[in-house]
Number of protein chains: 2
Amino acid sequence: MPKQVDHESRRRQIAEAVCRLADESGLEGVTLRDVAARAEVSMGAVQRCFRTKEEMLVFALTYIGERIAARVTTRLVESPAQSARTALGHATTEIALLREEHRAEARVWLAFLAQAAVSPPLAEILRSNYASLQTVFTRLIAEAGGDTGGTEGADGTGAARGKGSHDPECAARTLLALADGLTAHVLIGHLSPDTALAVLDAHLGGLWGE
Amino acid sequence: MPKQVDHESRRRQIAEAVCRLADESGLEGVTLRDVAARAEVSMGAVQRCFRTKEEMLVFALTYIGERIAARVTTRLVESPAQSARTALGHATTEIALLREEHRAEARVWLAFLAQAAVSPPLAEILRSNYASLQTVFTRLIAEAGGDTGGTEGADGTGAARGKGSHDPECAARTLLALADGLTAHVLIGHLSPDTALAVLDAHLGGLWGE
DNA sequence: CACGTTCCGATACGCTCGCATCGCTTCGGG
DNA sequence: CCCGAAGCGATGCGAGCGTATCGGAACGTG
């Protein structure tokens, strides 16, 4: 077996190039040639790593999803001493991608979101990501609001008991959708990052404050 | 001036074709040839109506935006006797595009949203749409949460007002972003339309009821 | 009744795309 | 030692894109 190359690291390298390009000119601006040039490899190398373009996009989306999920868990692990409520706030701002340094990820995410509406393989990846995020946030919300005791059933699908913020799963869904919507509105310039952050804080505050 | 044709109606006809195609295969599946075929006109006719493809997309996006805005105002006008709160609920479900018959509009809207992140002309149109929607919803929320002269009896001036009542503008922004996020999550299959509607209702209920 | 202006549909063109192919280089193993 | 399998970069190919162009049809007008 002659001449080996670390395929996995090269795949990541290509995925990074995909993200940078998608950030600059959208997903339809991602061509195999440009990706190869940006990743500083030849076009043949890209074709060897991924049999088809869609396979490359799927890998890139999975890669981004893992990065975002890793950021959330890192945030949660790094600040364990604080209250569950502040932890929830931190995690939320982490997935909302509002900070300038995450603008690229936000654009890439939105591009994939739109593409997923007509591409089942991409939609499947997104669903999986959102499902795990929703699980995490449901638990966080339950912990943050559950100072009145009563640990929730472990795997119950959350029958809608009561209304409003008393249902952690519903609150988690609301939070995820709100974060995505705010991200999109910031990207198109309808809201400033600061405004979006204020909206997010107000919503979080209203969850248990009142 | 020989042989005249109603350009405006043909433009709308083409815009409809753009929407149907974008619904089926995304914005990058919208080619001039396919649009012409779907609109049952020749490709030259499309080129005469719009000098460039981007001009066509801009028109189509404006067209969709007007339709959605028109639906909101129609909803508001058609049910004036009800309370401001139910009017707000109706208007929100109207823009959330959750019903099956608006799935196409939702997909088109999401596609344009992603494209707008890298296309200033499209972003400008979206900003304008969101700005006017935000104005309408801010007013609705203020009326619903404040002491309005509507059919609803006066219910005490300040007793336990929801978080939205403090800042109607913030609540409107939240509602718009939440609606968009829910629409996206339904489109990729993370939420069912019914679930999204339940989340929306819960949020609206929490706005003033507490 | 021609005439010319204006609109129309089809076709041509240049370009770029994703994908396939082809020599060449580089190693491990018999 | 050298042979063959595996990695590599460059190039070719067919297709499809947006746009430009062109001959002919339609209709008000002198």
Side-chain angles (χ1 to χ4, degrees), chain A residues 1-15 17-61 111-112 114-115 118-122, chain B residues 1-61 111-112 114-116 118-122:
Chain A
M1 199 189 269
K3 193 116 175 242
Q4 277 297 56
V5 149
D6 188 351
H7 273 233
E8 211 49 40
S9 83
R10 195 194 294 267
R11 282 180 152 222
R12 282 191 292 271
Q13 177 183 354
I14 290 174
V18 168
C19 292
R20 283 203 297 271
L21 283 173
D23 169 44
E24 293 167 12
S25 39
L27 253 196
E28 79 282 351
V30 175
T31 73
L32 293 187
R33 285 164 178 83
D34 291 350
V35 167
R38 188 60 69 98
E40 287 175 328
V41 299
S42 78
M43 205 172 129
V46 177
Q47 290 186 265
R48 223 167 310 105
C49 284
F50 307 102
R51 238 166 310 161
T52 173
K53 184 187 182 183
E54 184 175 47
E55 195 177 304
M56 181 183 75
L57 293 181
V58 164
F59 180 86
L61 177 55
F112 274 112
Q115 185 85 354
V118 292
S119 165
L122 293 181
Chain B
M1 197 191 265
K3 193 123 176 235
Q4 274 300 55
V5 153
D6 188 349
H7 273 230
E8 211 49 40
S9 82
R10 196 194 289 265
R11 282 181 152 222
R12 282 193 292 270
Q13 177 184 353
I14 291 174
E16 301 269 6
V18 168
C19 293
R20 283 203 298 269
L21 283 172
D23 169 44
E24 292 166 12
S25 41
L27 251 196
E28 80 282 350
V30 174
T31 73
L32 293 188
R33 285 166 178 82
D34 291 350
V35 167
R38 189 60 68 99
E40 289 176 323
V41 299
S42 78
M43 208 170 121
V46 177
Q47 290 186 263
R48 226 167 306 105
C49 283
F50 307 101
R51 241 168 312 163
T52 172
K53 184 187 183 183
E54 184 175 46
E55 196 176 304
M56 179 183 75
L57 293 181
V58 164
F59 181 86
L61 177 55
F112 274 112
Q115 185 85 353
V118 292
S119 165
L122 293 181

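By convention in this document, chain letters (A, B, ...) are assigned in the order of the sequence lines, proteins followed by strands, and residues within each chain are numbered from 1.
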- Atom CZ in A:Arg11, atom CD in A:Glu55: separation rounded to 0.5 Å? 6.0 Å
- Can you tell me how far P of C:dC7 sits from CZ of B:Arg11, to the nearest Å? 14 Å
- Can you see which heavy atom on A:Ala114 is nearest to which on B:Ala111, and at what distance? CB-CA, 4.1 Å
- Using whole Å, report how far CG of A:Leu27 lies from P of C:dG18. 12 Å
- Does A:Ser42 place a side-chain N or O at less than 4.0 Å from the phosphate oxygens OP1/OP2 of D:dC8? no
- Task: Specify the separation, in whole Å, of atom CZ of B:Phe50 and atom C1' of D:dT19.
- Result: 16 Å
- Message: Return the CG to CD distance between A:Leu27 and A:Gln115, rounded to the nearest 0.5 Å.
- Response: 5.5 Å
- Item | Minimum heavy-atom distance B:Leu32-B:Lys53, with the two atoms named | CD2-CG, 4.1 Å
- May I have the distance from A:Glu28 (atom CD) to D:dG18 (atom P), rounded to whole angstrom? 12 Å
- Message: Measure CD1/A:Ile14 against P/C:dG18 and give the value in whole Å, please.
- Response: 14 Å
- Message: From CG of B:Asp34 over to C1' of D:dG18, roughly how many Å is that when rounded to an integer?
- Response: 13 Å
- So what does A:Val30 touch, heavy atoms closer than 4.0 Å: a base, only the sugar-phosphate, or nothing? sugar-phosphate
- Query: If you check every side-chain atom of B:Arg48, which of C:dC17, D:dG9, C:dG9 has the closest atom?
  - Reply: C:dG9
Considering only nitrogen or oxygen atoms on both sides, find all protein atoms under 3.5 Å from nucleotides 19-21 of chain C and state each distance.
residue: C:dC19; atom: OP1; partner: A:Thr52; partner atom: OG1; Å: 2.8
residue: C:dC19; atom: OP2; partner: A:Lys53; partner atom: N; Å: 2.9
residue: C:dA20; atom: N7; partner: A:Gln47; partner atom: NE2; Å: 3.2
residue: C:dA20; atom: N6; partner: A:Gln47; partner atom: OE1; Å: 3.1

- Query: Could you give the distance from CD (B:Glu8) to SG (B:Cys49), rounded to the nearest 0.5 Å?
  - Reply: 8.5 Å
- Task: Might you confirm whether atom CD of B:Glu24 has over 12 heavy atoms from other residues, nucleotides or ligands at distances under 6.0 Å?
- Result: yes
